[in-house]
There are 2 protein chains.
Amino acid sequence: MSPTIRDVAQKAGVSVATVSRVVNDRPGYSAETRNKVLRVIEELGYQPNALARGLVSKRSRTVGVLIPNISSMVASEMLKGIEDAAHTIGQSVIVCNTDNNGERTLEYLQVLKEKQVDGIIVVSAPITPLYHQKFGEMQVPVVLVSTRYHDGNLPFVKVDDEKAAYHATAYLIKKGHEEIGMIAGSKDDRIAGIPRVEGYRKALSDHGIPIRDQYITYGNFGFQSGMAGLERLLEAAPEITAIFCASDEMAAGALSLAHRRGIEIPDRLSLIGYDDSQLAEMTIPPLTTLRQPLCQMGQEGLTMLMAMIEEGKRTIHSKILPYTIVERETVRELR
Amino acid sequence: MSPTIRDVAQKAGVSVATVSRVVNDRPGYSAETRNKVLRVIEELGYQPNALARGLVSKRSRTVGVLIPNISSMVASEMLKGIEDAAHTIGQSVIVCNTDNNGERTLEYLQVLKEKQVDGIIVVSAPITPLYHQKFGEMQVPVVLVSTRYHDGNLPFVKVDDEKAAYHATAYLIKKGHEEIGMIAGSKDDRIAGIPRVEGYRKALSDHGIPIRDQYITYGNFGFQSGMAGLERLLEAAPEITAIFCASDEMAAGALSLAHRRGIEIPDRLSLIGYDDSQLAEMTIPPLTTLRQPLCQMGQEGLTMLMAMIEEGKRTIHSKILPYTIVERETVRELR
DNA sequence: CTGAAAGCGCTTACAG
DNA sequence: CTGAAAGCGCTTACAG
């Protein structure tokens, strides 16, 4: 058996209370006592039992993160940011891959509650009223990363998708493009779907460019849907000279289809992506894209969560993070 | 405050022991009692405190996984497999992103010990004797996924890298290639570096093809190193007609460089990758590659770990999983 | 079938 | 500066 606090107390000839004090850096012992205790801890290789600690202190030093797909390139980057920030302040993270499945999410919520997590982060998943209600019942701080809740108040950190999409589209316009298509995300996605389309539309109309429905096609952010998207666009609007893709993966799909069709990028068609995931620099040619600070979003999310935990606040100010455009080689200047 | 077992006992008019029994499905109560208790649990929304449970039962129902980089495409796939298997049997997973940093790894090991994890999985990281020693001290089952320990006995699940590399190389030979280069992984990596080179060499010599040192170049499994690798190979051995890349990412890098140099793939140069990560189907052209069952490796790893935990075994048989070749479009048949 | 009691390994008033 | 004691929320013999 591993040594317990009693073992070190006995061997050091002090009470368990004293050992607890030095372990937790609370005042109440002489330098001499401290050294003696520390020495014994060292000798015995004592490590406090976090379960016991958590049981009495009501702090498990663990947070839960709900994430639709751990192996998604963009989500995993955010998870990394969360884990990194958590580690530096001594919190552990339990990952929950929800697959965007409601039932599964609810199961995880229950587990996290039972495990007494100090807080929960949910990454880029739509929040339903039911989840929101559960959060309330659980009495646990929650922060949203790369998503938000429209029907109530839940702190979030994300970029402003509409503005970002506006910016990406305006960039294309600035490069001289006017026939600009869009391969959008899911049509009913209120987080990363609709707002990006809105931004695209607004950019066009602000620059006096007519909006044509046949210039917009919808995918699901994945590679295949990017291929299919370009295929439809080529059919419906061959005059297009540039496309704004709502994710790098879809842009990569478009790139592949373009290659297959012998369409040269960026010579005959310009493409701008969204995310700046690892993929962006691996495509041929390397993808110009709108960068979200993925890792930082995760870090900030965890920081906000800790603030809520420590200050006992039920809510806190949300954070909008800045995007940038990373210029690589898929956008051509039109003259 | 959330209701405790006492609250439900009181309200149901039974003892806490009885409540505990029905919650844990242990024998020792009438159907009537059971229903009453269940009803109260429902009413109160009682959820057992896992910390308290773990403290007495010595089972936290949590495992720790050490992983060099959560956002790596190959590692995250294995993590997903682990998480998935864990979820189905009611275990939680704490992720620890080690960055392949020794100090950080040791810190995590301590945290996991304190959190009383039931077991630990380490994913694709080299195991040092120091780690091995710590594992022993911790008295916790450990299984290795996509790595192994050469200086002692630690159960692992992986594919046979040497055989896999042999197979990939032999595939190229079967397609008529004889001038075959290799972009290898890290030169001193005893897991995914050296064995794959060995397999490559053996395949050549078994087929009567001379091994030339200038046909082999080393990278670090990453995209950039794949580009650099091809660049060196082109310089040192322009006569090469095919290359075996020790990772898909390096293959993607090679693809990019080839494109930049105007070298057509597979017409002038064939390429085979290793992993079959998500990337493989996104490259241009789609990458022929040696597939590791990444997700399954994670699942099996967790299954093995649970077997060790439940049977109290300190060790268990390792598992070698089968690879396959996924034929896409980067290898040309030479005639 | 059921309950009283001990105990898991800690922290935290309280008292001195 | 230090210790005895209660208590966190459970499970598990033990006794009936």
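Values reported hereafter were calculated over all heavy atoms of this structure, with side chains retained and with hydrogens, waters and symmetry mates removed. Below, chain A is the first sequence line, B the second, and so on; all start at residue 1.
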B:Asp7 CG - D:dC10 C1' separation (whole Å): 13 Å
Nearest-angstrom distance from the residue atom OH of A:Tyr29 to P of C:dG16: 24 Å
Atom pair CD1 (A:Ile70) and CD1 (B:Ile82), whose distance is rounded to the nearest 0.5 Å: 9.0 Å
Length of the line joining B:Ile5:CD1 and D:dG7:P, which is rounded to integer Å: 18 Å
Sequence neighbours excluded - ring-ring contact (aromatic ring centres under 6.0 Å, His included) pairs with any residue from residues 11-56 of chain B: none
Rounded distance (nearest 0.5 Å) linking atom CZ of B:Arg148 with atom CD1 of B:Ile320: 6.5 Å
B:Arg53 side chain near D:dG9 phosphate (N/O to OP1/OP2, under 4.0 Å): no
Distance, rounded to the nearest Å, where B:Leu51 contributes CG and D:dG7 contributes C1': 15 Å
Sequence neighbours excluded, every pair satisfying salt bridge (Lys or Arg N to Asp or Glu O under 4.0 Å) that has a member inside residues 37-64 of chain A: A:Lys11-A:Glu43, A:Arg59-A:Asp118, A:Arg59-A:Glu310
Proximity to the side chain of B:Asn24 - top-ranked nucleotide from C:dG9, D:dT11, C:dA13: D:dT11
Length of the line joining A:Gln116:CD and D:dG9:P, which is rounded to integer Å: 9 Å
Whole-Å gap separating P (D:dT2) and NZ (A:Lys36): 8 Å
Nucleic acid contacts - residues 13-20 of chain B versus DNA chain D, non-hydrogen atoms under 4.0 Å: B:Ala17, B:Ser20
Toward the 5' end of DNA chain C, by each residue's nearest nucleotide, A:Val23 or B:Ala52: B:Ala52
Sugar-phosphate, base or nothing in reach of A:Pro48, heavy atoms under 4.0 Å: sugar-phosphate
Enclosure of B:Glu311 CD (heavy-atom neighbours >12, cutoff 6.0 Å): yes
Short side-chain N/O contact to D:dC1 OP1/OP2 from A:Thr33, under 4.0 Å: no
A:Asp84 bridged to B:Arg104 by N-O distance under 4.0 Å: yes
Gap between atoms CD and P, on A:Glu114 and D:dC8 respectively (whole Å): 20 Å
Approximate separation, where rounding is to 0.5 Å, of A:Gln116 CD and B:Ser2 OG: 7.0 Å
Within residues 73-114 of chain B or reaching into it, pairs that qualify as ring-ring contact (aromatic ring centres under 6.0 Å, His included) - sequence neighbours excluded: A:His87-B:Tyr108, A:Tyr108-B:His87
Intra- and interstrand pairs of DNA chain C - dot-bracket, Watson-Crick/G-U under 3.5 Å, | marks other strand: |||.||||||||.|||
Rounded interatomic separation in angstrom, taking CZ from A:Arg6 and P from C:dT11: 15 Å
Phosphate-side-chain proximity, A:Ser30 and D:dT2, N/O vs OP1/OP2 below 4.0 Å: yes
A:Val37 side chain reached by A:Val40 side chain, heavy atoms, under 4.5 Å: no
Side-chain heavy-atom pair A:Leu66, A:Leu112 within 4.5 angstrom cut-off: yes
Short side-chain N/O contact from B:Arg26 to OP1 or OP2 of D:dT11, under 4.0 Å: no
Close approaches to DNA chain D from residues 54-63 of chain A, in residue order (heavy atom, under 4.0 Å): A:Leu55, A:Val56, A:Lys58
Heavy-atom side-chain proximity of A:Leu109 to A:Ile120 below 4.5 angstrom: yes
Residue that, paired with A:Gln110, satisfies side chain to side chain contact (heavy atoms under 4.5 Å, CB included) out of A:Lys113, A:Glu107, A:Glu114: A:Glu114
5' precedence on DNA chain D between B:Arg21 and B:Tyr46 (nearest-nucleotide basis): B:Tyr46
